[in-house]
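One structure below.
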Amino acid sequence: MAMHERILDDAPAYLLGELDAGARATVEAHLATCTQCRAEFAQLGEALASLANLAPEAEPPDRLRAAVMAAAEREGPALAIPLVTPSRARRQVDWGRWIPAVVAAAAAVAFAVQASAAAARVRTAEAAYHRVLAANGLLQGQLAAAQRGIALSLLQLEPTSSQTSAVASLAVASDADGGRVALVARGLQPLEGREVYQLWYLNGGAPVSAGVLQISGTTGHLQASLRPGARVDAAAISREPQPGDTEPKGPIILETA
Amino acid sequence: MAAADEAATMRAVASGDLEAYGALYASSARVVYGLCLRLLGEAGAAEDAAQEVFLKVWRGAARFDPERGSLRTWILAITHRECLDRLRARGPAAPVRPEDLDLLPDSAMPPEDEAVRSAEAECVRAALASLRPEQRRALTLMYFGGYSQSEIALALHLPLGTVKSRARLGLQALRRWMQAEGVGARGDA
Ligand SMILES: [Zn+2]
């Protein structure tokens, strides 16, 4: 009981994205196991959100509409993160890219070293990132997905070098039958020749290709299926000299911790 | 708009339908811009924030879940978070503004002759007015002022735990009031 009370005391600060990483983790760990508090948080979140109704409406300048529409047009269709249970019907499977064990072990070590170097950077970005999640309603999405037995997570990929300002978000939705990943990357530099940007994820230590990004301007998109039981522990985007490789050969430009 | 219509609208927006997006803008721009203006206090900053909000709505359209609440509530939550981030980015040193200390519901409301005064706004106003003053103050400082609980504790010379429990009790009271009035949670879900 005392635990529920302590968690609930943090509800307003949590819902407004104010808690530090440690306190937030405590709340989320409790919510993951306590349906009672989860329901309470959802209702308190609605009550808090209703305060927005108190602000008087106001007429924005006409140019705002033009700017908003132009930005959407420039970006193209939004990234879709499927929140529904992946189809139980037989899916098209494209898993021909598993790396032989020996190569995988070597690549995993290299990958892990690079990933740990980026860990500190990623932790600094974490607080801001969680606010972005909440801003996008993903927290609500996670709660809804959890109730349907779907694990949903969002990984942020950060640049490996200060030379690039690219960023990427990878959404992973999975259940016992498999799942989907969806990625959007922004601020990518133009490719040359046959080069491609390729997404890799670590599943129990083995890097697996999730495919090649579709590029439009400086934005890249990718959606792919996960095979049943697959986990995404970490991910990276490399700039490959050509498509079709089953292990990263080009430089890794973005990665998770 | 019924939940099914809102879901259809947002599916269209997620798939890149600019016409649906334009209609969504037309129906929500005043509300979004109004909240930005209330929170940021200045037209230029509000315009910037509102533009970013609509971009987030465009990017996140697929994440709208009608079972969790109305489209209006979803967009307003995105708006609030965007403005809060901007308030916080102004720096930790922003002192508590005196006008926020006694932000009574009436001062957050449009004047009587304002054209739109929704039933929902009426109800929220009544709910807020029903709270104990210290609970209302903690909530409005956090929600409209963008202040952290530590900042509030410091400004009001209160222990942090007191601020926490006031905010929590106030929020729970708000929730009970609105449930009793049948507001907030989606009725047709
Ligand atoms: Zn609990």
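Chain letters run A, B, ... following the sequence lines, proteins first, then strands; residues in each count from 1.
In this structure, B:Tyr25 contributes its side chain and A:Met69 its backbone to no donor-acceptor pair below 3.5 Å.
Interatomic distance, B:Ser148 OG to A:Leu19 CG, rounded to the nearest 0.5 Å: 10.5 Å. Expressed to the nearest 0.5 Å, how far OG of A:Ser50 lies from CG of B:Leu174 amounts to 5.0 Å. Put simply, CG on A:Leu64 and SG on B:Cys36 are 9.0 Å apart, with the number rounded to the nearest 0.5 Å. Separation of atoms CD (A:Glu18) and CZ (B:Arg88) is listed at 5.5 Å; rounding is to 0.5 Å. Between the CD atom of B:Gln51 and the CZ atom of A:Arg65 there is a distance of 13.5 Å, given to the nearest 0.5 Å. Distance check: B:Arg30 CZ to A:Glu59 CD gives 5.0 Å after rounding to the nearest 0.5 Å.
The two residues B:Arg175 and A:Leu44 have their closest heavy-atom pair at CB-CD2, 4.0 Å. Among all heavy-atom pairs drawn from B:Ser165 and A:Asp9, the shortest one is CA-OD1, 3.9 Å.
The pair B:Arg59-A:Glu75 counts as a salt bridge, with a side-chain nitrogen and a carboxylate oxygen less than 4.0 angstrom apart. With salt bridges taken as basic N to acidic carboxylate O contacts below 4.0 Å, one links B:Arg168 and A:Glu5.
No side-chain heavy atom of A:Leu54 sits less than 4.5 Å from a side-chain heavy atom of B:Tyr143. In this structure, B:Gln149 and A:Pro12 have side chains that are in contact, with non-hydrogen atoms separated by less than 4.5 Å.
For B:Glu42, the CD atom counts as densely surrounded, since its 6.0 Å shell holds more than 12 non-hydrogen atoms of other residues, nucleotides or ligands. Residue A:Asp20 places its CG atom among more than 12 non-hydrogen atoms of other residues, nucleotides or ligands, all under 6.0 Å distant.
The salt bridge (Lys or Arg N to Asp or Glu O under 4.0 Å) search around B:Glu47 returns A:Arg63, not counting sequence neighbours.
Heavy atoms closer than 4.5 Å to chain A are found in the side chain of B:Leu37, but not in its backbone. Heavy-atom distances place the side chain of B:Leu55, and not its backbone, under 4.5 Å from chain A. Only the side chain of B:Leu84 comes within less than 4.5 Å of a heavy atom of chain A; its backbone N, CA, C and O stay farther away.
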- Derivation and outcome, side chain to side chain contact (heavy atoms under 4.5 Å, CB included), residues A:Glu40 and B:Gln172: CA-CA 9 Å; A:Glu40 179 94 359; B:Gln172 284 177 316; 2.9 Å; yes
- Check the pair A:Leu51 / B:His80 against side chain to side chain contact (heavy atoms under 4.5 Å, CB included), numbers first and verdict last. CA-CA 10 Å; A:Leu51 290 176; B:His80 183 256; over 6 Å; no
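Interface check for chain A: of the options B:Leu76, B:Leu169, B:Thr79, B:Asp17, the most heavy-atom pairs under 4.5 Å are formed by B:Leu76. When A:Ala71, A:Pro61, A:Pro60 are compared by the number of non-hydrogen pairs under 4.5 Å with chain B, A:Pro60 comes out ahead. Ranking B:Ala46, B:Gly161, B:Gly34 against chain A, the residue ahead of the rest is B:Gly34, based on heavy-atom pairs under 4.5 Å.
Residues B:Arg125 and A:Asn53 bring no donor and acceptor atom of their side chains to less than 3.5 Å of each other.
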